[in-house]
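Please read all numbers here as calculations on a predicted model, not as lab measurements. Just so it is clear: chains get the letters A, B, ... in the order the sequence lines come, proteins before strands, and each one is counted from 1. We use all heavy atoms of the structure for the numbers below, so side chains are in, but hydrogens, waters and symmetry mates are not.
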Protein chains: 2
Amino acid sequence: MGAATTRAQIVEAADRLFYRNGFDHTSFADIAATVGLSRGNFYYHFKSKDHILGAVIEARVAERREWLRQWEAEEPEPARRIERFIELVLTNREQIQSHGCPVGTLTTELAKLEHPMLGQAACVFTAFRTWLAEQFTLLGQPEQADELAMHVLAFSQGVAVMANAFGDQAFIAREVDRMRDWLRTYER
Amino acid sequence: MGAATTRAQIVEAADRLFYRNGFDHTSFADIAATVGLSRGNFYYHFKSKDHILGAVIEARVAERREWLRQWEAEEPEPARRIERFIELVLTNREQIQSHGCPVGTLTTELAKLEHPMLGQAACVFTAFRTWLAEQFTLLGQPEQADELAMHVLAFSQGVAVMANAFGDQAFIAREVDRMRDWLRTYER
DNA sequence: GTCTATATACCGATAGAC
DNA sequence: GTCTATCGGTATATAGAC
């Protein structure tokens, strides 16, 4: 098994474990048990735990950019593209109920740790933010585009935190309906 | 200095540190340095770290209930009472920018730790939820009261997560304005 | 009620054999 | 490229002197 494959396995396992158990709470032993490697061998692939975090964030940004590319290809209407983002919390409602939003829970944790990579983690939000603002500009709202993009992002985070705190999935569907109605007021 | 005072000091220091640095990331040494006690002496006042967490949650619930009592006393109109809650994120915007919402960040962390006290921590939300629902009932929305209460809570959490991730205070004021406008549609 | 000393476990990270 | 063994640090928690 080559280095590239092992490295990718480490990143994939770390991504999942950071999401489910948190970054600080995830140990090398946890990742090692998942991948099937010994603890000491990690340092051949990564210089430190923070470097693994960097690779995980990079992978998440790349994955989200791919989602955006697909939504653009599948939906010609900007309003439908924004709706695709809104529907994310519905599609992933089971995981959100158990572990919250992968992006929001990571930035929240890194802020508490005063971790220097908080800015990097926020870039995952920025990818959505920029893209959503572009869609609102296409919807004829160029001046408020960024504000509306932030509003949609805040919606997703509010829903995720509350669904996670109460373990309530049903709540998500109601909030998505409410958000769809709101979005409709901006359609031409 | 009696036991009751020392205990209260421990709870107060732990409350602040759990908020600023997270529960798991806060050690007895951190609390000890703040209160001015030795590590070993903690176990005279609390059986374990989880028992300190329990006391912190209890103190937070009590403090929030006191806020609600005051808002009820000061504002006869239910809409103004709800607005007082909405304004919380504006009043505490500096701390939210740095450390997020004390309630939401704790439930998020405890969910990742699969900590048995997640349900207890969610009770702080429940205190607000029940009270907000009462106000919406007074506003003439008894059927949707709980749904509207959850919507207001989700707003506060969405704003807190995004302001914390981007370190952006200005964003909070815009979202509060938006929420005030929304609330106005329910006033009679 | 508060202290020091310590038990026990786990953490991230390193060294060196193969 | 993967392994074992281990270092140094820190964590929660306990024991016992004062």
Side-chain angles (χ1 to χ4, degrees), chain A residues 1-58 106 109-110 112-118 120-121, chain B residues 1-58 106 109-110 112-118 120-121:
Chain A
M1 190 176 299
T5 308
T6 304
R7 197 193 133 99
Q9 277 184 297
I10 291 173
V11 172
E12 193 182 340
D15 191 345
R16 178 184 162 89
L17 287 166
F18 289 173
Y19 174 41
R20 297 177 72 95
N21 305 328
F23 167 69
D24 202 54
H25 196 62
T26 299
S27 68
F28 281 88
D30 295 329
I31 307 176
T34 304
V35 180
L37 284 178
S38 71
R39 282 192 301 281
N41 193 31
F42 276 73
Y43 295 86
Y44 175 80
H45 301 278
F46 295 95
K47 273 191 282 187
S48 72
K49 193 181 180 183
D50 285 353
H51 283 79
I52 299 182
L53 174 61
V56 166
I57 292 172
E58 210 171 309
L106 182 61
E109 181 179 1
L110 296 185
K112 294 235 186 274
L113 302 180
E114 293 184 276
H115 197 289
M117 280 192 170
L118 169 60
Q120 284 296 111
Chain B
M1 189 175 298
T5 307
T6 304
R7 195 194 137 100
Q9 277 184 296
I10 292 174
V11 172
E12 194 182 342
D15 191 345
R16 178 184 163 90
L17 287 166
F18 289 172
Y19 176 40
R20 297 177 72 94
N21 305 328
F23 167 70
D24 201 53
H25 196 61
T26 299
S27 68
F28 280 89
D30 295 330
I31 307 176
T34 304
V35 180
L37 283 178
S38 71
R39 285 190 299 284
N41 192 31
F42 275 73
Y43 294 87
Y44 175 78
H45 300 280
F46 294 96
K47 272 191 281 186
S48 71
K49 193 181 179 183
D50 286 352
H51 282 80
I52 299 182
L53 175 61
V56 166
I57 292 172
E58 212 171 308
L106 182 62
E109 181 179 2
L110 295 185
K112 294 236 187 272
L113 301 180
E114 295 184 274
H115 197 288
M117 280 192 171
L118 169 60
Q120 285 296 110

Interatomic distance, [X] [atom1] vs [N] [atom2] [rounded to whole Å]:
X     : N      : atom1 : atom2 : result
B:R7  : C:dT2  : CZ    : C1'   : 17 Å
B:Y44 : D:dT14 : OH    : P     : 16 Å
B:I10 : C:dT2  : CD1   : P     : 8 Å
B:F42 : D:dA15 : CZ    : C1'   : 18 Å

Check this one for me: any side-chain N or O of B:S48 less than 4.0 Å away from OP1 or OP2 of D:dT12?
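So the side chain of B:S48 is outside the cut-off, no N or O lying under 4.0 Å from OP1 or OP2 of D:dT12.
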Looking at C:dT14, I'd like to know if its phosphate oxygens (OP1 or OP2) sit under 4.0 Å from a side-chain N or O belonging to A:Y43.
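Looking at the OP1 and OP2 atoms of C:dT14, neither is under 4.0 Å from any side-chain N or O of A:Y43.
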Between [X] and [Y], what is the shortest heavy-atom contact and its length?
X      : Y      : answer
B:E109 : B:H25  : OE2-N, 4.4 Å
A:A32  : A:S38  : CB-C, 4.3 Å
B:I57  : B:M117 : CD1-O, 4.2 Å
B:A55  : B:R7   : CB-NH2, 3.9 Å
B:L53  : B:F18  : CA-CE1, 4.0 Å

Strictly below 4.0 Å, heavy-atom distances to any atom of DNA chain C: list the hits from residues 23-34 of chain A, or just say none.
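Those residues whose heavy atoms fall under 4.0 Å from DNA chain C, taken from residues 23-34 of chain A in numerical order, are A:T26, A:S27, A:F28.
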Would you check if the side chain of B:T26 reaches a backbone N or O of B:L17 as a donor-acceptor pair within less than 3.5 Å?
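Checking the backbone N and O of B:L17 against the side chain of B:T26, a donor-acceptor pair under 3.5 Å is found.
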Could you go through the side chain to side chain donor-acceptor pair (under 3.5 Å) check for B:D24 and B:H115 one step at a time?
CA-CA 10 Å; B:D24 201 53; B:H115 197 288; over 6 Å; no
Close N/O contacts between protein and nucleotides 3-7 of chain D (under 3.5 Å):
from  : atom 1 : to    : atom 2 : distance (Å)
D:dC3 : OP2    : A:S38 : N      : 2.8
D:dC3 : OP2    : A:S38 : OG     : 3.2

Begin from the C-alpha positions of A:F46 and A:F28 and carry the test ring pair (Phe, Tyr, Trp, His ring centres under 6.0 Å) through to its verdict.
CA-CA 11 Å; A:F46 295 95; A:F28 281 88; 9.2 Å; no
